[in-house]
Amino acid sequence: MDFCSSSSSTISSHEEPHVLAVDDNLIDRKLVEKLLKKSSCKVTTAENGLRALEYLGLGADQEHSTNNNGSKVNMIITDYCMPGMSGYELLKKIKESSILKDVPVVIMSSENIPTRIDQCMEEGAQMFMLKPLKHSDVKRLRCQLMQCQ
């Protein structure tokens with residue numbers, strides 16, 4: 001199913017929103033995946049920002065790719081601090097993409113640093129959440145996702 005082929009598409013309550021979860025820590029990634037699935041979301045995971053970009057069709061060698069996974073993702077949730085490419089850098093790449101710029105991006109971090117939070121929000125993050133995520137956080141996310149699409 002193609003949930004987000006255009007910015008005007010809506011997700012009805014019986015459809016599963018598709019979330020791309022990006023985190024270099026396996027335990028955190030599994031926790032986020034489990035919480036999202038519990039909230040009736042379809043989940044794809046990536047262990048770093050580069051893998052996420054590849055999945056979305058924005059990898060270095062995919063600039064003119066016909067990979068259309070990005071149009072099937074309704075939200076991206078990413079850790080801030082990852083090796084290679086930070087969640088902030090991933091956010092910037094997504095917001096620079098004409099295809100993906102309207103996909104909500106949520107940044108997670110175990111560190112509550114106001115300047116970091118402000119920087120992400122100014123760059124277009126939908127939300128900044130502190131780890132570890134709880135079921136109530138994911139329920140709030142899903143609720144926002146249903147309204148923002």
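Just the heavy atoms: all of them, side chains too, but no hydrogens, waters or symmetry mates, feed the values below.
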Inset, instruction - Please step through side-chain contact (heavy atoms from CB on, under 4.5 Å) for the pair F128 and Q119, ending with a clear verdict. - result: CA-CA 10 Å; F128 193 101; Q119 185 183 36; over 6 Å; no
Between [X] and [Y], is any pair of side-chain heavy atoms under 4.5 Å apart?
| X | Y | answer |
| --- | --- | --- |
| V19 | I77 | yes |
| N48 | V22 | no |
| K101 | E96 | no |
| I94 | I76 | yes |
| L31 | I27 | no |
| E16 | C41 | no |
| L91 | I107 | yes |
| M75 | L20 | no |

Legend entry - Working for side-chain contact (heavy atoms from CB on, under 4.5 Å), residues Y88 and E123: CA-CA 8 Å; Y88 176 71; E123 197 60 49; 3.3 Å; yes
Legend entry - Hydrophobic cluster identity match, M121 and V103, side-chain contacts under 4.5 Å: yes
Legend entry - Short N-O contact, E111 and R116, less than 4.0 angstrom: yes
Inset, instruction - Give a yes or no on whether a salt bridge exists between E33 and K37, defined as a side-chain N under 4.0 angstrom from a carboxylate O. - result: yes
Say you draw a straight line from [atom1] of [X] to [atom2] of [Y]; how long is it, rounded to the nearest 0.5 Å?
| X | Y | atom1 | atom2 | result |
| --- | --- | --- | --- | --- |
| E122 | I117 | CD | CD1 | 12.0 Å |
| H18 | N74 | NE2 | CG | 8.0 Å |
| M108 | M129 | CE | CE | 9.5 Å |
| K72 | L56 | NZ | CG | 11.5 Å |
| L130 | S109 | CG | OG | 7.0 Å |

For [X] versus [Y], what's the shortest heavy-atom pair and its separation?
| X | Y | result |
| --- | --- | --- |
| S40 | P17 | O-CD, 3.6 Å |
| A21 | V32 | CB-CG1, 3.9 Å |
| M82 | G49 | CE-N, 4.0 Å |
| N25 | D23 | N-OD1, 2.9 Å |
| G124 | K95 | O-CE, 3.4 Å |
| D24 | C81 | OD1-O, 3.4 Å |

Legend entry - By side chain to side chain donor-acceptor pair (under 3.5 Å) - contacts of E47 (at least two apart): R51
Legend entry - Non-neighbouring partners of K93 that pass side-chain contact (heavy atoms from CB on, under 4.5 Å), sequence neighbours left out: L53, M85
Legend entry - Non-neighbouring partners of L26 that pass side-chain contact (heavy atoms from CB on, under 4.5 Å), sequence neighbours left out: R29, K30
Legend entry - Of V43, L133, L141, the residue whose pairing with L35 passes side-chain contact (heavy atoms from CB on, under 4.5 Å): L133
Inset, instruction - Please test L90 against L50 for side-chain contact (heavy atoms from CB on, under 4.5 Å), starting from the C-alpha separation and ending with a verdict. - result: CA-CA 8 Å; L90 177 61; L50 293 173; over 6 Å; no
Legend entry - Audit row: D79, D28, side-chain contact (heavy atoms from CB on, under 4.5 Å) steps and yes/no: CA-CA 9 Å; D79 185 23; D28 287 343; 5.6 Å; no
